[in-house]
Structures are given as C-alpha cells and as structure tokens.
Amino acid sequence: MLTPRPLSLVTSDGELVLDHGTTVSASDQLGGVLAWLQQALRPATGLPLPTAARATITLELAADLGPEAYRLDVTPERATIAGGDPAGVFYGCQALLQLLPPTVYRRAPVAGQRWAVPAVRVHDAPRFAWRGAMLDVARHFLPKHDVLRFIDLMALHRLNTLHWHLTDDQGWRLEITRYPRLTEVGAWRRESQVGAVRSARGDGRPHGGFYTQADVREIVAYAADRFITVVPEIESPGHVQAALAAYPELGVTGQPLDVWTRWGISPNILNVEESTVGFFTGVLDEVLALFPSRYIGVGGDECPKGQWRADPRTRARMAELGIAGEEQLQAWFIGRLDEHLTAAGRRLFGWDEILEGDLGPGATVASWRGMTGAVAAARRGHDVVACPDDLVYLDYRQSESPDEPIPVSIPLTLRDVYAFDPVPPQLSPEQARHILGGQANLWTEHADSPRTVDYLAFPRLCAVAEALWTSGDRDFAEFEPRLRHHLARLDALGVEYRHADGPLPWQTRPGVPGRPQTREQRTVHIAQLVANISPS
C-alpha cells in the first residue's frame, strides 16, 4: 500500500511491533534524518525512541544503491533502512511510516493503537531527478506556515523540487533589501477579481503579504531538511505590474500604476534600458544569496509586446542593439539575465516562451504549452522540465460537473493526471536524456485560501508524484485501491482533498463564473501560442 508504488515489495510472515522498548540508531551523517524520523513517530505513538548501539530501527548508507534509492528490510525483530545517500534513507523512512497505521500522521497520542509494521523487503529508486510542484504565491499569498505544510506534503510523496512563483502582476512576495518598495508597495493590492471572466467583479477587499529574507532562509532550510530544493521564480520582462507599481521608471511608459487587481496578462511590461537590466540583476543577486538552488527562474512567459512596438524609445533601443524584432528583444533581455546567472555558477530556468528567440546553452525550459516546448528544447540540447497544462495544471477543473468551484479550462481528472509521462515519445534516446523530469503547476488566481489549495492539489498531486517516481508500466486500476488507503493518511494530516464523487458543499463556489473550455478549443488555442517555436 505504498504511494508512490515502489520498484519491488516482498512480504514475509510476522510483523515488527513498535513499543516503549523500541530504539533507533544512525551514523553521524544521517543524524538529521534520524531526528526527523523520531519527530515524525513520537506525536501519535507517544514512544520515546531513544538511540542505542544495537537498535530496533537502524538507518545506514549503502554503496550499492544509487542517489535517492533506498532499501527497507523489516523483520519481527528489527527494521533496517539503507539508502544510496541521505535522501534515499529519508525516502525509506517515509516508506516505513506508510507501513504503519494511517493514524501515525496525527499530532497527538492515539489511544489504543497497536503500532505494527508488516515484515517486508522494499527496494525502490526514482525514475526522474526533478519531481516537482510549482506553487504560485503571487496571485494569492500563502502564509509561511502553509508553505511549510505544503513542503511536508511534498516530502510525503517523494517530491523533491518546489518551484516557487514569487512575483507577478498581482503581487511581489520576496523582500529585496536594496529595493524596499517592491514589498512596501508591490506586495499589496486593493482588491481581487472574483471569477475567471473579463466582466468578473472585484471583491473590494485588500490582499497581500510577503516573505522576509529571514522567512525565506527558514523555508529553504526546512525544505532542505526534507531533501526538497526550492527554485525561486522572479518574473520578467512581462508579468511585472507589481514591480512597476513600486518603481514606475522600470516600465515602458514610466506612468504610475497600481498593483494589478485583475487576472490574466497585464499589457504593462519592462523597458529595455541598461538601468532596468541592472535593477533585475541586482534583484537576482539577493535571490542568489537566499536560494542555493542550481536553477533560478526568470519567467519569460506571456510578455505582450504592444508597448514595445508603440514606443519610439524602444524602437531606438532595438536599433542600438541591432535587433530586428520584438521576440529577439525579449530574448536579448532574458539573455542578459542568463549571462548574469551563468557567471554566478547558476542556470537560468524559464517557461517555454524563451524558445521563441536565441537561448543560451545552459538555459533550462519548463514546457507548459503542451509538449511542443519539451520536444523543441530537447532537440536543441536544452534540459527540460515537463509540465504540460493539459495534464498537470492543477488549477484546471476536475470534472464536467457544474459544482466544480470556478471551473477553469479543460477537466483534468485523477485518471488524466495519472497518465502523465514527461518524456515525449518522438524524442530519440539521446534527446530524451534532456528531460530532467516534470512537475505539477498550481496557479492560485482562484485559490484564495489553503483549503482551496488542498482541494486543487489533492489527490491529483499523489498521481503526479507516482508518475514522476515510479518506473515501468503504470495501471490506474492498480493505483486506485492504494490511493483509497492513502487518503486515510491525508485525512489524518487534515488535508481537505477533493473526494471522488465531487466537491463537498463548502468546496463549491456557487454563482462565481469560471472559464471552461473543451479539449478541442484548448488544442486550437495552444497551437496558436506555440506557432513561433521551431520544432528543432
């Protein structure tokens, strides 16, 4: 009943009972993992779990296992968790927890519960190195406590990359000390659009929030203790109206603006002066100091170019730079950020629109408009993270039912999401090696509370996690009964997931308009969006 499904699981007779005599041990290198396991087991079991030389539960490294791989051996006498590295041992500990009753995930002692682990031998290793979730906190701010909780839920599902969308037209969520107005002004908007249609009303309620640099250090360290890398994203040169509200001189018009209160894509974008490039490289310098991730997101998506076309100064700037078209102008701006990140030993990470112009050799592409970007990038020799909207956009509606809250785009059922495969079949084996893995994307225009994030993410994120972790053929009919058992764990954790028969009454949003599409409509729309991407 493990989720994600392991490579192999062989059961034996008997069980290991955890009681007040249970002890634990690990080498110094695994001290952090051991402390995490003790903290995970103690609240519900009430067991002291002291260390001992010859322990009931032993954590160890094994030279015959690869990165993130683990082996779990449970007999009636003891349990041994071996990993190819500390991350592998951590995932073995997660498997051990899942073999216990689901009440082990509760945060207070559970009376009358027998804590028994079946005798079993598990061998497991991930299929992909990048197993991620993108969390948008720009549209609706998620308090630090709830970000930490989301990280714990990612770790439970063996996900290891949090792509953190920190800035957009509707809010700037990261403290930058050299540019304090980014959060003093850019982190707050006067109201929010309610619904997905253009005519949707505003709610009249101010919204905002941001993470201090101390908050960010805490979140990054908390994630690292759970073997999750946080990849930040700072949008440019579009999706920047919150930054322009704080510093209007960064814009094409230079006119004062408010932080945007509507959903969709603001027409207001960055100018391409050297001072603006310097502003954003200055932002990135503080980002680099906060986030040790190899990858740094710079956006690059959905940049409307009407202001550049209409602006005489931008046309003159293009002539100065010897640039013929606006697509190449955007590529120039992204390229300048890429140079800065490369010089710092990092790699630029951007949405697949960055493929529409020249791209530095180290840039990594998030393919979201279907898999066109994944194919084009891999064929050009760029690494890829697959996140096609028609399979893993978790803000999309979950059924055709009119009760789905604020229904957006096409229905993505649990079965649809489970079918996700990050590797496009038309790639050669050599090209396929550029697919680092994949991620689910959770945009929060219509998720104004942690409860709604739960509803949109789960249990579909469980299916994404299995698609990214599990090797070999997958069968939804085999997944379903394991998921039903897994939902008891989510219940114990207090996750307000979507039930199989639809939203509960308080999960609906009656009277709030959505923007549903058919798959045919979406296919036509995406084809238009990717028309500028060369297939090779």
Side-chain angles (χ1 to χ4, degrees), residues 1-18 33 36-37 40-41 44-45 57-59 62 65-76 78-85 87-106 115-128 131 133 152-160 226-228 414 417-418 420 437 458-493 495 497:
M1 287 298 175
L2 296 182
T3 302
R5 190 193 75 206
L7 284 173
S8 68
L9 186 153
V10 179
T11 58
S12 303
D13 294 333
E15 58 188 11
L16 173 64
V17 177
L18 307 187
V33 180
W36 179 89
L37 180 62
L41 286 169
T45 67
I57 302 173
T58 301
L59 312 184
L65 294 172
E68 299 188 295
Y70 70 88
R71 185 169 50 240
L72 169 62
D73 285 298
V74 181
T75 70
R78 61 183 45 86
T80 303
I81 302 171
D85 56 12
V89 177
F90 177 76
Y91 297 134
C93 291
Q94 292 281 9
L96 178 71
L97 282 175
Q98 288 194 356
L99 292 171
L100 285 160
T103 51
V104 76
Y105 291 98
R106 296 198 176 272
W115 303 107
V117 185
V120 68
R121 182 178 176 87
V122 180
H123 174 231
D124 206 2
R127 181 184 176 196
F128 293 103
R131 305 181 305 279
D152 279 329
L153 291 171
M154 289 179 62
L156 168 65
H157 295 90
R158 326 289 197 271
L159 297 171
N160 68 355
R226 288 146 184 81
F227 301 93
I228 291 172
L414 184 67
V417 173
Y418 190 74
F420 174 47
F458 295 100
R460 291 186 295 181
L461 192 58
C462 309
V464 173
E466 182 147 318
L468 297 172
W469 177 276
T470 300
S471 299
D473 294 335
R474 289 179 285 115
D475 181 359
F476 186 74
E478 186 275 334
F479 172 69
E480 278 189 299
R482 282 188 294 108
L483 179 65
R484 284 194 294 271
H485 184 78
H486 186 67
L487 293 179
R489 300 177 187 126
L490 299 186
D491 286 329
L493 287 162
V495 178
Y497 55 85

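- To the nearest 0.5 Å, the span separating CH2 on W469 from CG on D124 amounts to 5.0 Å.
- If you run side-chain hydrogen bond (donor to acceptor under 3.5 Å, both in side chains) between E466 and each of R474, R482, R127, H157, only R482 comes through.
- With sequence neighbours left out, R121 forms a salt bridge (Lys or Arg N to Asp or Glu O under 4.0 Å) with D73.
- Of the candidates D152, L490, L156, L156 is the only one forming a side chain to side chain contact (heavy atoms under 4.5 Å, CB included) with Y105.
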I'd like a table of donor-acceptor pairs (distance under 3.5 Å, sequence neighbours excluded) in which one partner is a side-chain atom from residues 10-17, with atom names and distances.
residue : atom : partner : partner atom : Å
E15     : OE2  : R114    : NH1          : 2.5
E15     : OE2  : R114    : NH2          : 2.5

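- Under the rule for a salt bridge (Lys or Arg N to Asp or Glu O under 4.0 Å), R158 has no partner lying at least two apart in sequence or in another chain.
- From L414, atom CG reaches atom SG of C462 across 8.0 Å, with rounding to the nearest 0.5 Å.
- Annotation: the span from L100 atom CG to R489 atom CZ amounts to 9.5 Å, rounded to 0.5 Å.
- Annotation: Y497 is not in aromatic contact with H486 [ring centroid separation under 6.0 Å not met].
- Without hydrogens or angle criteria, R5 side chain to T470 main chain gives no donor-acceptor distance under 3.5 Å.
- Aromatic ring pairs are classed by plane angle as parallel below 30°, tilted from 30° to 60° and perpendicular above 60°; the pair F90 and F227 is tilted.
- Ring orientation note: the planes of F479 and Y418 are close to parallel, at an angle under 30° on the 30°/60° scale.
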